[in-house]
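The structure under discussion appears below in the form of structure tokens.
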Amino acid sequence: MGNQYFIVLVDDEEKVHNTIRLYLERNNVMKELKSFYSPLELLEYLKTTNDFVDLILLDIHFKNSGLSGLETIPFIREEYPYLPIMLLTGMDSEAIKEAERFTNTYFIPKPVTGNHLIKM
């Protein structure tokens, strides 16, 4: 058995949550998956948890959230400067360019495929 990780997924689409959970379970890499549907829910969780998070999967665009995934990164970095973040994106080149200034930030194109997710 390979490594298993505590992963936090933040995306406003239920389908994305279900698909990613399935990929992670099938490949036995998930110790736990915690799901949130807005950046604000994620930030509240991070402020109050003692859980050791291995990775955040974070969408860039949210409907009716008031905060994008990119705008969330500086808040995450205040408390967790080295926590890896994988941005889920339709490969918005402007968003990618902006996110490159953050350390430990990577990209997975949407639609997410199981092979790409597991390799990353």
Side-chain angles (χ1 to χ4, degrees):
M1 178 168 65
N3 292 333
Q4 291 190 321
Y5 303 98
F6 184 129
I7 300 169
V8 172
L9 171 60
V10 189
D11 195 292
D12 56 354
E13 296 181 49
E14 184 70 32
K15 180 181 175 184
V16 171
H17 286 263
N18 294 335
T19 301
I20 287 178
R21 177 178 293 281
L22 183 64
Y23 290 153
L24 296 173
E25 286 174 349
R26 282 187 182 163
N27 289 279
N28 200 31
V29 296
M30 177 182 72
K31 177 174 28 178
E32 183 175 347
L33 178 68
K34 195 161 269 301
S35 289
F36 298 101
Y37 295 85
S38 79
L40 296 175
E41 290 176 2
L42 167 69
L43 294 175
E44 185 61 33
Y45 166 74
L46 291 175
K47 281 195 278 186
T48 60
T49 189
N50 289 324
D51 295 337
F52 181 80
V53 176
D54 293 303
L55 170 67
I56 295 176
L57 295 172
L58 178 62
D59 191 14
I60 290 180
H61 301 288
F62 291 86
K63 297 175 194 93
N64 305 317
S65 170
L67 198 61
S68 74
L70 287 173
E71 293 166 333
T72 306
I73 295 172
F75 296 106
I76 296 169
R77 290 291 176 243
E78 284 179 18
E79 295 296 320
Y80 301 92
Y82 303 109
L83 176 61
I85 298 170
M86 287 191 193
L87 294 170
L88 307 175
T89 177
M91 298 310 283
D92 176 344
S93 60
E94 189 63 36
I96 290 171
K97 191 174 188 175
E98 186 176 338
E100 287 176 340
R101 63 189 172 101
F102 298 108
T103 60
N104 294 325
T105 304
Y106 310 95
F107 304 94
I108 296 179
K110 280 186 170 181
V112 177
T113 65
N115 288 339
H116 196 193
L117 177 65
I118 299 307
K119 284 179 185 178
M120 291 295 291

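Here side chain to side chain donor-acceptor pair (under 3.5 Å) pairs that include residues 15-24, with residues two or more places apart or in two chains, are H17-S35. Residues in residues 38-52 take part in these salt bridge (charged side-chain N to carboxylate O under 4.0 Å, His left out) pairs, two or more places apart or across chains: E44-K47.
Atom NZ of K34 is separated from atom CG of L42 by 11.5 Å, given to the nearest 0.5 angstrom. Atom CG of D59 sits about 7.0 Å away from atom CD of E13, to the nearest 0.5 Å. The structure places CE of M30 at 9.5 Å from CG of L22, a figure rounded to the nearest 0.5 Å. Between atom OH of residue Y37 and atom CG of residue D12 there is a gap of 10.0 Å, rounded to the nearest 0.5 Å. Taking CG of L83 as the start and CD1 of I56 as the end, the distance is 4.5 Å to the nearest 0.5 Å. Rounded to the nearest 0.5 Å, atoms CG (L40) and CG (L67) are 5.5 Å apart.
In this structure, the side chains of L46 and I76 come closer than 4.5 Å at one or more pairs of heavy atoms. Counting only heavy atoms from C-beta outward, the side chains of L55 and V8 never approach each other to under 4.5 Å. Looking only at side-chain heavy atoms (C-beta outward), V53 and Y45 come within less than 4.5 Å of each other.
The side-chain contact (heavy atoms from CB on, under 4.5 Å) search around K31 returns Q4, F6, D54, not counting sequence neighbours. With sequence neighbours excluded, the residues that form a side-chain hydrogen bond (donor to acceptor under 3.5 Å, both in side chains) with Y5 are N3. Checked against ring pair (Phe, Tyr, Trp, His ring centres under 6.0 Å), F62 has no partners two or more places apart in sequence or in another chain. For E79, there are no side-chain hydrogen bond (donor to acceptor under 3.5 Å, both in side chains) partners at least two apart in sequence or on another chain.
Summarising the geometry of S68 relative to I60, their closest heavy-atom pair is CB-O, 3.4 Å, with the distance given to 0.1 Å. For the pair L58 and T72, the tightest heavy-atom approach, listed with the atom from each and the gap, is CD2-CB, 4.4 Å. Residues I20 and L57 come closest through the heavy atom pair CG2-CD1, 3.9 Å. Y80 approaches T49 most closely through the heavy-atom pair OH-CG2, 4.2 Å.
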